[in-house]
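One structure below.
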Amino acid sequence: MSQREHRSSLFLLELILVIFFFSLASAVCIQLFVKAHLTEKETKELNRAVPLAESGAEAFHSVSGNLEELVDLFPEGRMSVDGNSFQIFYDADWQPSEEGIYALSITRKPSEETEISKETPTLIRATVGVIGKDGLIYEVDAAVQVPRTVPGS
């Protein structure tokens, strides 16, 4: 009888070790699946945000840095109260909406005055960013050179 009890206890010990090994392996696999899912989500957001930010930078360039003219290009967008920022909100499907999960933000940077022309800056800069619920997804700097005018010409 004692030899039989010894074999059954050895079998139970092996079974416990196998169960422990499989539970450890499954925990690692679950972590990998979760990480892969989060990476996929971030990649999808980035794939949508990059062309959107580039489009915003091109629009900023096309209006020569005048954010007020962006309202004509993007009627779904809104200007900030101080006039230094323009935003368009997008829902979960990346369609324009009143209040959304994502936002395209074009923010004008303060101009640096030069010795030559203190009235009109020759280079207007802006930051174009796509913001999600978890923070900044993608950001690009944009600049437009405004041609100088010679007085009296």
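Fair warning: this is a prediction, and the values are worked out from it, not measured in the lab.
Between atom OG1 of residue Thr39 and atom NZ of residue Lys41 there is a gap of 11.5 Å, rounded to the nearest 0.5 Å. Separating the CG atom in Leu46 from the CG atom in Leu52 is a distance of 11.5 Å, to the nearest 0.5 Å. Taken from CD1 in Ile30 to OG in Ser23, the straight-line distance is 10.0 Å, to the nearest 0.5 Å. Between Glu40 atom CD and Lys44 atom NZ the span is 4.5 Å, to the nearest 0.5 Å. Separation of atoms CG (Asp91) and CD (Glu98) is listed at 11.5 Å; rounding is to 0.5 Å.
Counting only heavy atoms from C-beta outward, the side chains of Pro96 and Tyr90 approach each other to under 4.5 Å. A 4.5 Å side-chain heavy-atom check between Phe60 and Ile124 finds at least one atom pair inside the cut-off. Annotation: side chain of Leu73 is in contact with side chain of Ser62 (closest heavy-atom distance under 4.5 Å).
In this structure, Tyr102 and Trp94 have parallel ring planes: the angle between them is below the 30° cut-off, well short of the 60° mark.
Side chain of Asp93 to backbone of Gln95: no donor-acceptor contact under 3.5 angstrom is found.
In the hydrophobic clustering, where aliphatic and aromatic side chains (Ile, Leu, Val, Met, Phe, Trp, Tyr) are joined below 4.5 Å either directly or transitively, Val28 groups with Leu32.
Hydrophobic clustering of Ile, Leu, Val, Met, Phe, Trp and Tyr side chains at less than 4.5 Å, counting indirect connections, keeps Phe89 apart from Leu67. When the side chains of ILVMFWY residues are joined at heavy-atom separations under 4.5 Å, either directly or via intervening members, Ile131 and Phe74 end up in two distinct hydrophobic clusters. Linking Ile, Leu, Val, Met, Phe, Trp and Tyr whenever their side-chain heavy atoms come within less than 4.5 Å leaves Leu136 and Val50 in two separate clusters.
Nearest heavy-atom pair across Val128 and Ala53 is CG1-O, 3.4 Å. The two residues Ile137 and Ala49 make their nearest non-hydrogen contact at CG2-CB, 3.6 Å. Taking every heavy atom of both residues into account, Ala92 and Ile101 meet most closely at CB-CD1, 3.6 Å. Listed here is the closest heavy atom pair of Glu76 and Ile88: CG-CG2, 3.7 Å. Shown here for His61 and Ala143, the closest heavy-atom pair between the two residues is CD2-O, 3.9 Å. Residues Ser85 and Thr107 share a closest heavy-atom pair of OG-OG1, 3.6 Å.
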inquiry  = Met79 vs Val71, test: side-chain contact (heavy atoms from CB on, under 4.5 Å). Steps then yes/no.
reply    = CA-CA 8 Å; Met79 287 290 298; Val71 176; 3.9 Å; yes
*For Lys109 and Thr127, run side-chain contact (heavy atoms from CB on, under 4.5 Å): C-alpha distance rounded to whole Å, both residues' side-chain angles, the deciding distance at 0.1 Å, then the answer.*
CA-CA 7 Å; Lys109 292 181 179 178; Thr127 301; 2.9 Å; yes
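Within 6.0 Å of CD on Gln145 lie no more than 12 heavy atoms contributed by other residues, nucleotides or ligands. Other residues, nucleotides and ligands place more than 12 heavy atoms under 6.0 Å from the CD atom of Glu68.
Glu99 and Arg78 are joined by a salt bridge, as a carboxylate oxygen and a charged side-chain nitrogen come within less than 4.0 angstrom of each other.
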